[in-house]
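The chains referred to below are lettered A, B, ... by the order of the sequence lines, with proteins before strands, and numbering in each begins at 1.
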There are 2 protein chains.
Amino acid sequence: MSDLLDRLRDRGWRLTSQRRVVAEVLDGDHVHLTADEVHARAAERLPEISRATVYNTLGELVTLGEILEVATDGRAKRYDPNAHRPHQHLVCFACGTIRDVHPTGDPLAALPAAERFGFTITAAEVTYRGLCADCVRRSG
Amino acid sequence: MSDLLDRLRDRGWRLTSQRRVVAEVLDGDHVHLTADEVHARAAERLPEISRATVYNTLGELVTLGEILEVATDGRAKRYDPNAHRPHQHLVCFACGTIRDVHPTGDPLAALPAAERFGFTITAAEVTYRGLCADCVRRSG
DNA sequence: TTCTTGACTTAGACTGTGTCTATCTTAGGA
DNA sequence: TCCTAAGATAGACACAGTCTAAGTCAAGAA
């Protein structure tokens, strides 16, 4: 993840210990943490870090395109460090687990011009929903 | 919309004036109101209706499959009375306008078995995002 | 028609998530 | 090393939604 820190420094990001631990917490490609989870993990290394700083830093990383904001339910947003490879999400109804998935084709192509109502469309997000194997087993 | 009220009565729904006005507010196929907007419109006809009742009633209608809950951003959920015709949503980045759209094909078919990770998948929601014609004009 | 009862409604407290403000601290250039 | 604007902090605030305890009423029974 030092390449993330390098990229940020190259863009003139002032590197503080708080920003460093937030970036480190988001290291790895298969986590989808809430802001509070990021805060809790960051606080293990830097106990005095504040919630506001975590929110600010996450917001900046989203603006810079280094992480994605994912709102799969009405609850807390989740932050996805896998921003450089296009993907969609698969969410378990029961336990809320999120997996990155890679459908074939471009979902945008499925929307005919007549269904675009003059919009300039730039993104198509797909959320697949179901029960994960563990929750199927558990529920019978 | 009296067919909605009929369907609800058939399912043993106790019909109160509060539930009636909430159902009436949701009449029509192209509204996507927040709970607070539903409450405001319901209160025009029944000023003493409480927020809790609106939330309860919306939740019941969702459970019964009569309306859909739509969470297109991290903000308030919206309620979509167009639950009986499958469709997806097109959302304007700038003004938040939501339109129902009908893409071709089944988005579920685009997800290969190898990308399903043992999930029993039952739904695929697609959110198209872009700028509506009005906001394109305004911004540039 | 009136009575009865449990389902429904209410006000308002409470929770979780996120934002804002005023003040203090500090990274990094001079 | 010093300066200063960018960043961090605590805590108040805002919004969306849930919960609780007490009061009300729709609809079946008599």
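As rounded to whole Å, 18 Å separates atom C1' of C:dA7 from atom CZ of B:R11. Distance A:R19 CZ to C:dT26 P: 15 Å, rounded to the nearest Å. Atoms NZ (B:K77) and P (C:dT17) sit 12 Å apart, rounded to a whole Å. Rounded to whole angstrom, the span from the CD atom of B:E69 across to the C1' atom of D:dA16 amounts to 12 Å. Separating the NE2 atom of A:H39 from the P atom of D:dT9 is a distance of 8 Å, rounded to the nearest angstrom. Rounding to whole angstrom units, CZ of residue A:R75 and P of D:dG17 are separated by 11 Å. Between the CZ atom of A:R20 and the P atom of C:dT26 there is a distance of 15 Å, rounded to whole Å. Rounded to whole Å, atom P of D:dG17 lies 10 Å from atom CZ of B:R78.
By the side chain to side chain contact (heavy atoms under 4.5 Å, CB included) test, A:D134 is found to be paired with A:C132, A:R137, A:R138, residues two or more places apart in sequence or in another chain being considered. For A:R41, the side chain to side chain contact (heavy atoms under 4.5 Å, CB included) test picks out A:V25, A:L33, with sequence neighbours left out. Under the side-chain hydrogen bond (donor to acceptor under 3.5 Å, both in side chains) criterion, A:H89 pairs with A:D80, A:H87, A:D100, sequence neighbours left out. Evaluation of the salt bridge (Lys or Arg N to Asp or Glu O under 4.0 Å) rule for A:R129 yields B:E125 as partners, not counting sequence neighbours.
Here D:dA8 is the nucleotide among D:dG17, D:dA8, C:dT17 with the atom lying nearest to any side-chain atom of A:Q18.
Cluster annotation: A:F117 and B:L131 are assigned to distinct hydrophobic clusters (Ile/Leu/Val/Met/Phe/Trp/Tyr, side-chain heavy-atom contacts under 4.5 Å, transitive).
Applying the salt bridge (Lys or Arg N to Asp or Glu O under 4.0 Å) definition to pairs two or more places apart or across chains, those involving residues 52-71 of chain A are A:R7-A:E66, A:R11-A:E66, A:R19-A:E60, A:E69-A:K77.
A salt bridge links B:R78 and B:E37; the closest N-O separation between the charged side-chain nitrogens and carboxylate oxygens is under 4.0 Å.
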(request) Would you give a per-nucleotide map of nucleotides 23-30 of chain D, 5' to 3', where B means the base has a protein non-hydrogen atom under 4.0 Å away, S means only the sugar-phosphate does, and - means neither? (result) --BBS---
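Near DNA chain C, defined here as any heavy-atom distance below 4.0 Å, the residues from residues 45-66 of chain A are A:R51, A:A52, A:Y55, listed numerically.
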Distance-only donor-acceptor pairs under 3.5 Å for side chains of residues 104-113 of chain B, two or more places apart:
from	atom 1	to	atom 2	distance (Å)
B:T104	OG1	A:A110	O	3.3
B:D106	OD1	B:L108	N	3.0

Kindly list each side-chain donor-acceptor pair under 3.5 angstrom involving residues 42-52 of chain B, sequence neighbours excluded, with atom names and distances?
from	atom 1	to	atom 2	distance (Å)
B:R45	NH1	B:E24	OE1	2.6
B:S50	OG	B:T53	N	3.2
B:S50	OG	B:T53	OG1	3.2

